[in-house]
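Along the sequence shown, the residues carry numbers beginning at 1.
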Amino acid sequence: MSPTSVSQVQSADRARRANSSSDRADRTAVDSGQVKPLLGASLAELTEWVQQQGQPAYRGKQLYQWIYEKGVRSISEISVFPKQWREEAANVSIGRSKIHFRSVAPDATVKYLLKLADGQIIETVGIPTEKRLTVCVSAQVGCAMGCDFCATGKGGFKRNLAKHEIVDQILTVQQDFGRRVSHIVFMGMGEPLLNSDNVVAAVKCLNQDVGIGQRNITISTVGIRDRIRQLAEHQLQVTLAVSLHASNQRLREQLIPSARPYHLDELIAECREYVKSTGRRLSFEYVLLAGVNDLPEHAAELANHLRGFQCHVNLIPYNPIQEADYKRPNPHRIKAFVDVLNEKKIAVSVRYSRGLEADAACGQLRASQA
Ligand code: SAH
Ligand code: SF4
């Protein structure tokens, strides 16, 4: 939080104090479009803020711990704070969402629909294994890219998520599961590189304030011209996953209308540059659609594009969505595709998405139960 935003919070606080209804106060904070909630702020920023509220500096550390470790939703819950200040500051927005809907798939994957302060709904998925708890986070409400096989793409774009709305998704899953989140994948709703500033800010906060290693964070992008290059400038330690889905430009445009102005060759060149300048590995995602992009010829063509590239190809057998009538290839076709890539010495794995039964798998995310 910059000094400007601290004073924005302050003036909003004055507005809130003058307001007897907490509902109205919340709306004031959000609707003004100026006030940043406390979630997402660093220890230094929270310390500065408590001091501006007339409180001693050490309360900043307490506030920081209660927000990031205990996951409080209101200052009124912070029992170590003086009662009078808790009451006064009860309506200051921490910036937490509400769980609007929650469903558990038989494989224990949990899908959440989260309601944001302005009533928009986003999806978040918690994917547990014995050793890991991975959160699939959304970067936007909806998506403008319109990929033909993706439920989010079919629903259109509403808005970008703010930094705190991204961080909140991780805290929500962590609290609901009662265990620490170990990995994050930006593979929920939206295109992260069309919201780069907030995504990068959220990654830094998740790393420094929530304690998640950058190496355990993956950003998945459909590829936006120059945005991969710009991401490289931040020198983050995250893993980049690039959604290719096609072995030539014609096929790619058919599946991803937004790919028209950005040729596959240019995209792959930008990816090569990314690896060179960051030293980080990169993976390509490829949704397998029966009879569309899953033939051995496609695999050979893909291998040609990736020759000499230290990368990994993740094949994702298509997860069915209502709005499209693609089919998932059968296991023989999938194996034949893998075999061609193996022969051409391209590292490859097949990712069977979890959470299918709860409509929580890759590409199935939409705020349908809202
Ligand atoms: N917008 C980003 C990240 C969100 S989508 C991107 O496109 O990379 C996350 C992944 O899910 C992408 O690789 C996407 O292509 C894949 N996906 C979308 N719809 C799918 C579907 N119906 N079945 C399988 N994977 C899908
Ligand atoms: Fe957007 Fe990614 Fe879905 Fe394409 S696959 S519509 S880029 S969320």
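Side-chain heavy atoms closer than 4.5 Å link hydrophobic residues (I, L, V, M, F, W, Y) into clusters, and following such links, possibly through other members, connects V80 to I94. In this structure, V210 is a member of the same hydrophobic cluster as L43, with clusters built from ILVMFWY side-chain heavy atoms closer than 4.5 Å. Both L231 and V137 are part of a single hydrophobic cluster, where members link through side-chain heavy atoms under 4.5 Å apart. A single hydrophobic cluster is seen to contain both M145 and L251, as judged by linkage of ILVMFWY side chains at heavy-atom distances under 4.5 Å, directly or through other members. Using a 4.5 Å cut-off between side-chain heavy atoms of Ile, Leu, Val, Met, Phe, Trp and Tyr, with links allowed through other members, V350 and V340 fall into different hydrophobic clusters.
Remark: the N160 side chain and the Q140 side chain contain an N/O donor-acceptor pair separated by less than 3.5 Å. Counted by atom type alone, Q230 and S196 present zero donor-acceptor pairs between their side chains at under 3.5 Å. Side-chain atoms of R328 and N319 include a donor-acceptor pair closer than 3.5 Å. Looking only at atom types and distance, the side chain of N198 has a donor-acceptor partner in the side chain of N195 under 3.5 Å away. Checking S349 against H312 by side-chain atom types alone, a donor-acceptor pair falls below 3.5 Å. For D294 and Y318, the side-chain atoms include no donor-acceptor pair closer than 3.5 Å. Residues N304 and R307 have side chains that bring a donor and an acceptor to within less than 3.5 angstrom of each other. In summary, the side chains of T172 and R96 do present a donor paired with an acceptor at a separation below 3.5 Å, with no hydrogens or angles considered.
Counting all heavy atoms, side chain and backbone alike, Y112 lies closest to G126 at CE1-N, 4.1 Å. Contact between T218 and M187 at its shortest, heavy atoms only, is CG2-CE, 4.1 Å. Across all non-hydrogen atoms, the minimal contact from L264 to A246 is CD2-O, 4.1 Å. Looking at every heavy atom in both residues, I121 comes nearest to V141 through O-CG1, 3.9 Å. Nearest heavy-atom pair, L267 versus G223, reported as atom, atom and distance to 0.1 Å: CD1-CA, 3.9 Å. Shortest non-hydrogen contact noted between F284 and L306 is CE1-CD2, 3.6 Å.
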Under the side chain to side chain contact (heavy atoms under 4.5 Å, CB included) rule, what do K36 and H164 come out as? Steps first, then yes or no, please. CA-CA 8 Å; K36 282 193 195 169; H164 72 276; over 6 Å; no

Could you walk me through whether E253 and Q249 pass the side chain to side chain donor-acceptor pair (under 3.5 Å) check? CA-CA 6 Å; E253 284 180 15; Q249 176 65 10; 2.8 Å; yes

Evaluate the side chain to side chain contact (heavy atoms under 4.5 Å, CB included) criterion for residues V110 and V125: first the C-alpha distance (whole Å), next the side-chain angles of each, then the deciding distance (0.1 Å), finally the verdict. CA-CA 6 Å; V110 182; V125 184; over 6 Å; no

Under the criterion side chain to side chain contact (heavy atoms under 4.5 Å, CB included), I'd like the reasoning laid out for I316 against Y352: C-alpha separation, chi angles, the key distance, then a yes or no. CA-CA 6 Å; I316 317 169; Y352 282 95; over 6 Å; no

Between T221 and E191, does the side chain to side chain donor-acceptor pair (under 3.5 Å) criterion hold? Intermediate values first, please. CA-CA 6 Å; T221 177; E191 170 45 51; 2.7 Å; yes

For side chain to side chain donor-acceptor pair (under 3.5 Å), just list the numbers for S220 and E285, CA-CA rounded to whole Å, side-chain angles, deciding distance to a tenth of an Å, and then say yes or no. CA-CA 9 Å; S220 176; E285 290 159 292; 2.8 Å; yes

Output, in order, the C-alpha distance, side-chain angles, deciding distance and verdict of side chain to side chain contact (heavy atoms under 4.5 Å, CB included) for L161 and L116. CA-CA 10 Å; L161 292 185; L116 307 177; 3.6 Å; yes

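Shown here is R225, whose CZ atom has more than 12 heavy atoms of other residues, nucleotides or ligands within 6.0 Å. Residue-environment remark: CD (Q84) stays at or below the threshold of 12 foreign heavy atoms within 6.0 Å. Other residues, nucleotides and ligands place more than 12 heavy atoms under 6.0 Å from the CD atom of E266.
Here the side chains of R215 and V238 are not in contact, with every heavy-atom distance at 4.5 Å or above. At a threshold of 4.5 Å between non-hydrogen side-chain atoms, the residues K204 and L236 count as touching. Residues E273 and R229 meet the side-chain proximity criterion, which asks for heavy atoms closer than 4.5 Å. Counting only heavy atoms from C-beta outward, the side chains of T124 and K111 never approach each other to under 4.5 Å. Proximity of K115 to S97: side-chain heavy atoms (C-beta onward) are nowhere separated by under 4.5 Å. Counting heavy atoms from C-beta on, the side chains of C205 and Y68 come closer than 4.5 Å. Contact of the L255 side chain with the F149 side chain is registered, since non-hydrogen atoms from C-beta on lie closer than 4.5 Å. Within the 4.5 Å cutoff, the side chain of D209 has heavy atoms near those of the Y64 side chain.
To the nearest 0.5 Å, the span separating OG on S76 from CD on E88 amounts to 13.0 Å. Rounding to the nearest 0.5 Å gives a distance of 10.5 Å between CZ of R59 and CG of L63. Atoms SG and NZ, from C271 and K276 in turn, are 14.0 Å apart once rounded to the nearest 0.5 Å. Rounding to the nearest 0.5 Å places CD of Q175 at 11.5 Å from NZ of K70. Between Q169 atom CD and S138 atom OG the span is 5.0 Å, to the nearest 0.5 Å. Separation of atoms NZ (K61) and CH2 (W66) is listed at 14.5 Å; rounding is to 0.5 Å.
Salt bridge present: K154 and D148 bring a charged side-chain N and a carboxylate O closer than 4.0 Å. Salt-bridge annotation for K83 and E87: present, with a side-chain N of the basic residue lying under 4.0 Å from a carboxylate O of the acidic one. Between E165 and R159, at least one side-chain nitrogen of the basic residue sits less than 4.0 Å from a carboxylate oxygen of the acidic one, meeting the salt-bridge criterion. Salt bridge status for E270 with R227: absent, with no side-chain N to carboxylate O gap under 4.0 Å.
Under a 3.5 Å cut-off, the side chain of K163 and the backbone N or O of A201 do not form any donor-acceptor pair. Side chain of T109 to main chain of A105: no donor-acceptor pair is present (N/O by atom type, distance under 3.5 Å, no hydrogens or angles). Side-chain atoms of R280 do not come within 3.5 Å of backbone N or O of V275 as any donor-acceptor pair.
Ring geometry for W85 versus W49: interplanar angle of 30 to 60°, hence tilted.
Test V203, V181, N207 against I212 for side chain to side chain contact (heavy atoms under 4.5 Å, CB included) and you get one pass: V181. Applying side chain to side chain contact (heavy atoms under 4.5 Å, CB included) to H183 and the options T134, L133, I127, T129 leaves one that passes, T134.
Aromatic ring centroids of Y286 and H298 lie 6.0 Å or more apart.
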